[in-house]
Every structure is written in structure tokens, then in C-alpha cells.
Amino acid sequence: MIYVKLNNGVEIPIVGCGTNTFGKINNNYNEALRGDTAEVDMAINNGYRHFDTAQLYRNEEILGEGIKKSGIAREDFFITTKLNTIAGYYGKDWVQTEIEKSLDKLKTDYVDLFLIHRPWDNPEEMTEAWSLLEEFYNDGIFKAIGVSNFAAEDLRVIFDSCTVKPAVSQIESHAGLWNDDLISYNTDNDIRTTAWSPLKGLTEYSGLVVDEIGDKHGKTFAQVILRYQIERGVIVIPKSHNKERQAQSLDIFDFELSCDDRERIMRL
Ligand SMILES: NC(=O)c1ccc[n+]([C@@H]2O[C@H](COP(=O)([O-])OP(=O)(O)OC[C@H]3O[C@@H](n4cnc5c(N)ncnc54)[C@H](OP(=O)(O)O)[C@@H]3O)[C@@H](O)[C@H]2O)c1
């Protein structure tokens, strides 16, 4: 595993495990929880120690339970969760309560990385929410704080008032939508980018291109795409319900893409 250093010195494994359908009936995002921790157990056994969840996914307790059951020390894990700002913002007390619920469900007294899930059209409220995240950060309950789905103009709202800069910006980035300009903007501002849905967006054509590159290296299309992202310093959080595919997404540290490979992938 490669660890990257965030702007506050905290280290994060460059490959994490997405979880948005984990623990759910039929692996369906909108379904109810089944009540078991099968995919989290599988991921831990496969060697994942970095997990990406969110209040919105309704499965923080599945992750918390899986980690606790593993018997592996909490400090060996890196947990990201997110404040659910999708359905609205309800003020400081609400943020405080939702954070306490996350800690409770995750069965932990700290979160490695806490993100605002999505910006909304109210700079004063966003500033207020960020200042609360800063308080939890300063109290050591969040080891790092950041944002998700923030464009450059949303980040500037935070920059205008923050005392702690976002450490991570989690955005959609995959074939067909690499989001290169925003990744550069994040980098220029010393903010690390995480790519969500890293394996989506392939067309028949782009699938053939990455398969061809993969064949050359003895790797799968998914490994090629994840390698492309980590070679440019982007953190990835692939999600799979399948043991072999989970393992493959971690097995990307023993090959290197050529300049030609990278140029072809960049154009997809
Ligand atoms: N911040 C946000 O707003 C936001 C939004 C979306 C997602 N996310 C996060 O990003 C995570 C990943 O995104 P995602 O779940 O949408 O999709 P993804 O990781 O891009 O994966 C897409 C599909 O690819 C398959 N797959 C996974 N690993 C593979 C491999 N090694 N080889 C071949 N196929 C593979 C999986 O199906 P199988 O299960 O059949 O293998 C999966 O359903 C989420 O789980 C969530 O944690 C965040």
C-alpha cells in the first residue's frame, strides 16, 4: 500500500474501499440493510484498511460492526464518513447531533476524515457547517476534514473563512469524466483529490483501450484505471461485492503505465 500525506500531515492509504451498497438487500443502494457485515468482512480479509462511508448510505453501523468484529486495532483503519447535506441543512445543533450519531454507529471516538457530502446554495450556512467541522478537528475527534462534490467556486466559499483548510476533496472522476481541471485546482490549493465511482464511465471503445493496455501488463481494465489515478496522486475508493474483484483493486502496486498508456487513458 502507498500512503499519501495530507496537508496536515495525516497519512491516508491511496486505495480505499467504497461501501455505498454494502450490507444492503440485493446490493441495491436504496434497499434496507440485511443486518450482516459480509462485504466489510471480505474487504478486511482482502487487506483493505481504508473505508469510505457516509451518513447518506445508512450503513455506518455495518462498517463499525465489521471493524469491531475483526479484532484489528482501530488505529490500523482509516475511516471516512460524510455529513448528509443532500436533504438540507438544519443548523449547528443538527450537525452536532448527526456527528454524534456517526461516531456511535461507527463505534469509534474519532473519524479519520470527515467530509461535507455536497455543497448547497447558501454560503453562510456552508461557512457555519465548516466552522463546526473545524471545532471537531481541533478537539481531535476528526483527524482531517474535507469536502465532497465541491467545485472550485464552492471551495472558495470555504477558503474565505476557514482556519483549517480542507485536506481532501472527493469528486467524481473516471473514464469519460476525469475532471482534470478540478483535480489541478485541488492540487494547486494543496488539497488531495479522491475519485469516487472510479470504475464507471467506460464505453465499448474505452473498455477496449484499457483492456488492451491491461493485457500488456497482465492486469485487468479496473487495475489499469486505478493505477492511472494513483500514479497521478489521486486516491481511489473502488467498491465491489465480489472477493476476487476486491482483491484485484488492491493489487495495483507491482506495475507501471508507460507514457503512451497514460496519454491514451487521459483521452478516454
Ligand atoms: N461522494 C459522493 O458523492 C460519492 C458518490 C458515489 C460514490 N461514492 C463512493 O465511491 C465508491 C465507489 O463508487 P461506486 O460504488 O459508485 O462504483 P465503482 O467503485 O466505480 O464500481 C463500479 C462497479 O465496478 C465493479 N467493480 C469493482 N471492482 C472491480 C474490479 N476490480 N474489476 C471489475 N469490476 C469491478 C463493481 O461491481 P461488483 O460488485 O459486481 O464487482 C461496482 O459495482 C462508493 O461505494 C462510495 O463509497 C461517493
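Position 1 is the first residue of the sequence; numbering continues from there.
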Would you say Asn7's side chain and Asp190's backbone share a donor-acceptor pair under 3.5 angstrom? yes

Any chance you could pull the hydrophobic cluster mates of Leu56, using side-chain heavy atoms under 4.5 angstrom and chaining through other members? Tyr29, Tyr57, Ile86

Heavy atoms, side chains only, cut-off 4.5 Å: are Phe22 and Val40 in contact? yes

Roughly how far, to the nearest 0.5 Å, is OG1 of Thr80 from CZ of Phe142? 11.5 Å

Strictly by modelled atom types, are Glu98 and Tyr90 linked by a side-chain donor-acceptor pair under 3.5 Å? no

For Tyr137, does the six-membered ring have the charged nitrogen or CZ of Lys143 within the cation-pi criterion, i.e. under 6.0 angstrom from the centroid and within 45° of the normal? no

Between Lys216 and Asp261, is there a salt bridge with N-O shorter than 4.0 Å? yes

Is there a donor-acceptor contact under 3.5 Å from the side chain of Arg227 to the main chain of Ile252? yes

Enter the distance from Leu257:CG to Ile265:CD1 here, rounded to the nearest 0.5 Å. 5.0 Å

Audit row: Phe253, Ile230, side-chain contact (heavy atoms from CB on, under 4.5 Å) steps and yes/no: CA-CA 9 Å; Phe253 300 108; Ile230 69 165; 3.7 Å; yes

Any donor and acceptor pair, going by atom type alone, linking the side chain of Asp139 with main-chain N or O of Ile141 inside 3.5 Å? no

Taking atom CG of Asp211 and atom OG1 of Thr220, what is their separation to the nearest 0.5 Å? 8.5 Å

Determine whether the side chains of Ser102 and Gln55 contain a donor N or O and an acceptor N or O closer than 3.5 Å. yes

Could you go step by step and tell me if Ser173 and Gln229 meet the side-chain contact (heavy atoms from CB on, under 4.5 Å) rule? CA-CA 9 Å; Ser173 175; Gln229 295 283 30; 2.9 Å; yes

Would you kindly say whether Ser184 and Thr187 are connected by a side-chain donor-acceptor distance under 3.5 Å? no

Just by distance, with hydrogens left out, do Thr163 and Glu134 show a side-chain donor and acceptor under 3.5 Å apart? yes

Can you list every ring-ring contact (aromatic ring centres under 6.0 Å, His included) pair that touches residues 167-200, not counting sequence neighbours? Trp178-Tyr228

Taking a hydrophobic cluster as the set of Ile, Leu, Val, Met, Phe, Trp and Tyr residues connected by side-chain heavy atoms closer than 4.5 Å, whether directly or through intermediates, do Leu226 and Ile2 fall within one such cluster? yes

Less than 4.5 Å apart, side chain to side chain, heavy atoms only: is that true for Tyr48 and Pro13? no

Salt-bridge criterion met for Lys219 and Asp254 (N-O under 4.0 Å): yes

If you group Ile, Leu, Val, Met, Phe, Trp and Tyr by side-chain heavy-atom gaps below 4.5 Å, do Leu208 and Ile213 land in one group? no

Could you check whether any side-chain heavy atom of Leu106 comes within less than 4.5 Å of a side-chain heavy atom of Val111, counting everything from C-beta outward? yes

Rounded distance (nearest 0.5 Å) linking atom CD1 of Ile79 with atom NE2 of His50: 10.0 Å

I'd like to know if the side chain of Asn138 reaches the main chain of Glu135, judged simply by a donor and an acceptor atom lying under 3.5 Å from each other, with no hydrogens or angles considered. no

Going by an N to O cut-off under 4.0 Å, is there a salt bridge joining Glu231 and Arg262? yes

Measure from the side-chain N and O atoms of Asn189 to the backbone N and O of Ile191, and report whether any donor-acceptor pair falls under 3.5 Å. no

Checking Asn27 against His241: is there a side-chain donor and acceptor pair closer than 3.5 Å? yes

Side-chain (Thr203) to main-chain (Ser206) donor-acceptor, under 3.5 angstrom: yes

Tell me if a side-chain donor or acceptor on Thr97 pairs with a main-chain N or O of Asp93 at a distance below 3.5 Å. yes

Taking NZ, NE, NH1 and NH2 as the nitrogens, is one of them in Lys68 or Glu65 under 4.0 Å from a carboxylate oxygen of the other? no

Can you confirm whether the side chains of Ser249 and Gln223 place a donor and an acceptor under 3.5 Å from each other? no

Ile237-Leu182 co-clustered via ILVMFWY side chain contacts under 4.5 Å: no

Between Arg232 and Asp180, is there a salt bridge with N-O shorter than 4.0 Å? yes

Compare every heavy atom of Leu115 with every heavy atom of Gln170, then report the nearest pair and how far apart it is. NE2-CD1, 3.6 Å

Looking only at atom types and distance, does a side-chain atom of Asn122 sit under 3.5 Å from a main-chain N or O of Glu125, one as donor and one as acceptor? yes

Quick one: do the Thr193 and Asn186 side chains pair a donor with an acceptor below 3.5 Å? yes

Would you tell me whether Gln96 and Glu100 have side-chain atoms, one donor and one acceptor, within less than 3.5 Å of each other? yes

Which atom pair, heavy atoms only, marks the closest approach of Gly88 to Trp94? O-CH2, 3.6 Å

Looking only at the side chains, is there a donor atom on one of Arg118 and Ser148 sitting less than 3.5 Å from an acceptor on the other? no

Worked check of side-chain contact (heavy atoms from CB on, under 4.5 Å) between Ile158 and Thr127: CA-CA 6 Å; Ile158 304 294; Thr127 301; 5.9 Å; no

Is there a chain of hydrophobic side chains (I, L, V, M, F, W, Y, each step under 4.5 Å between heavy atoms) that links Leu177 to Tyr205? no

Classify the side-chain pair Lys239/Thr21 by whether it contains a donor and acceptor separated by less than 3.5 Å. yes

Answer yes or no: are there more than 12 heavy-atom neighbours, outside Asp188 itself, under 6.0 Å from its atom CG? yes

Val10 vs Phe78, test: side-chain contact (heavy atoms from CB on, under 4.5 Å). Steps then yes/no. CA-CA 10 Å; Val10 164; Phe78 191 103; 4.0 Å; yes

From Lys101 NZ over to Glu61 CD, what is the distance, rounded to the nearest 0.5 angstrom? 12.0 Å

Quick test of your reading: applying salt bridge (Lys or Arg N to Asp or Glu O under 4.0 Å), list the pairs with at least one residue in residues 37-56, sequence neighbours left out, ordered by first then second residue. Arg34-Glu39, Asp41-Lys69, Asp52-Lys82

Side-chain heavy-atom pair Thr194, Val234 within 4.5 angstrom cut-off: no

Is it the case that the side chain of Arg156 and the backbone of Phe159 share a donor-acceptor pair, with hydrogens and angles ignored and the cut-off at 3.5 Å? no

Residue Glu256 excluded, over 12 heavy atoms near CD under 6.0 Å: no

Quick one: does Gln246's side chain have a donor or acceptor within less than 3.5 Å of a partner on Ser240's backbone? yes

Side chains of Phe51 and Ile44 in contact at under 4.5 Å (non-hydrogen atoms): yes

Within-4.5 Å side-chain heavy-atom neighbours: Leu6 and Glu11: no

Single-linkage hydrophobic cluster Met42~Leu63, side-chain heavy atoms < 4.5 angstrom: no

Side chains of Thr53 and Asn59: donor-acceptor distance under 3.5 Å anywhere? yes

Please tell me if the side chains of Ile145 and Val164 come closer than 4.5 Å, counting only heavy atoms from C-beta onward. yes

Rounded to the nearest 0.5 Å, how far does CG of Asn46 lie from CZ of Arg245? 12.0 Å

